[in-house]
Amino acid sequence: MLNVANKFKAIISQMLVNTTGNGLITAANVYQEGKPDNKYLLKQIVNDLMLPGSRLQGFENLAELYKKAKQGESCLILMEHYSNFDIPCFYELMEREGDNGKIIAQKIVSVAGLKLSETNRMVRSFSEIFTRVVIIPQSASRDLKDPQELKVISEKRKHINMAALKTLFRLRKSGRIILVFPAGTRYRPWEPESKRGLKDIYSYLKSYKNMVLIAINGNVLIPQKKSMTEDLVAHDIMFYTVSRVYDCREFREKAREMALEGSDLRRFAVDRVMEELAQIHGQAEKIRGLLKEELREKQDS
């Protein structure tokens, strides 16, 4: 298996040529409108990696969510997260749904971590294609020991996240759909806790009226311990499953009813989100297994 840079050298070289600026994020530019210059190049990569049978199941639920967004209701997507190609594959599968899919894709704004913009130019060449609001997660300071470095990142985090919060508040009733990864990071098998939902996600459950959950089965960019630039590409059937539209208030109230007395209700509600996603994921994997078997039979015949 190869990393992206080695597998797609010519395409990546052109993407880097098209990527301008230093990617520096401040409180003044946390909202980053998608830049289309590299979109056709990234489409070539994901279409190479996604095997026949890849699909978006439950698109009608996403269309229903968008209908509510157009009516001025605040709408949220909470999606599983396995790789930095989760978003590119999702957009590609949406666009395969035709004009309505393309319209909905244009209305989605993802909440993205700072490192996708500032850490590496190649990673930025992917992430800047899609409209996003940039935040600094708590994990950004996890490995820092120097008190001065901790102070600097803490101040930067405060200013950027406050600006991001204001931006999201402005966007949430403007016909846009906000996409958030509730785990806040890609799932890394060597760190099981990376699949646990962040308690902060409760604030989204409280601030938005409607949501769908999206499970992702399959992975075309396998995380590696060293760095994101070393992630390995793989050919796979990508299967995205969109849940029914949930009323966020009803979801919170049901979680409250289910929680044991004395439980941390915020923590419990977020854990319920992750449990629902895991259930959808498990059901979808059975379908994907059949698709993989069909594909093997066609390849063998």
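Starting from 1, each residue takes its place in the sequence as its number. These numbers come from a predicted model, not from an experiment.
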Exercise. Assess whether side chain to side chain donor-acceptor pair (under 3.5 Å) is satisfied between Y246 and E276, documenting all intermediate values.
Key: CA-CA 11 Å; Y246 293 85; E276 289 279 323; 2.8 Å; yes
Quiz item: Which is it for D300 and R296 under the salt bridge (charged side-chain N to carboxylate O under 4.0 Å, His left out) test, yes or no, and what are the steps along the way?
Solution: CA-CA 6 Å; D300 292 341; R296 280 194 296 268; over 6 Å; no
Exercise. Report the C-alpha distance between E97 and K102 in whole Å, list the side-chain angles of each, state the deciding distance to 0.1 Å, and finish with yes or no for side-chain contact (heavy atoms from CB on, under 4.5 Å).
Key: CA-CA 8 Å; E97 294 291 332; K102 292 176 182 177; over 6 Å; no
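A donor-acceptor contact shorter than 3.5 Å is absent between the side chain of R272 and the backbone of A255. Counting only distance, with no hydrogens or angles, the side chain of E92 and the backbone of V46 share no donor-acceptor pair below 3.5 Å.
Residues Y66 and E64 bring no donor and acceptor atom of their side chains to less than 3.5 Å of each other. Remark: the D48 side chain and the Q44 side chain contain no N/O donor-acceptor pair separated by less than 3.5 Å. In this model, no donor atom of one side chain and acceptor atom of the other lie less than 3.5 Å apart for R96 and S54.
Using a cut-off of 4.0 Å between Lys/Arg side-chain N and Asp/Glu carboxylate O, E193 and R196 are scored as not salt-bridged. A salt bridge links K43 with E95; the closest basic N to acidic carboxylate O contact falls under 4.0 Å.
Annotation for R249: atom CZ does not count as buried by contact number, only 12 or fewer foreign heavy atoms lying within 6.0 Å.
Using cut-offs of 30° and 60° for the angle between ring planes, the Y187 and Y82 rings count as perpendicular.
None of F85, F90, Y91 except one satisfies the ring-ring contact (aromatic ring centres under 6.0 Å, His included) rule with F130; the exception is Y91.
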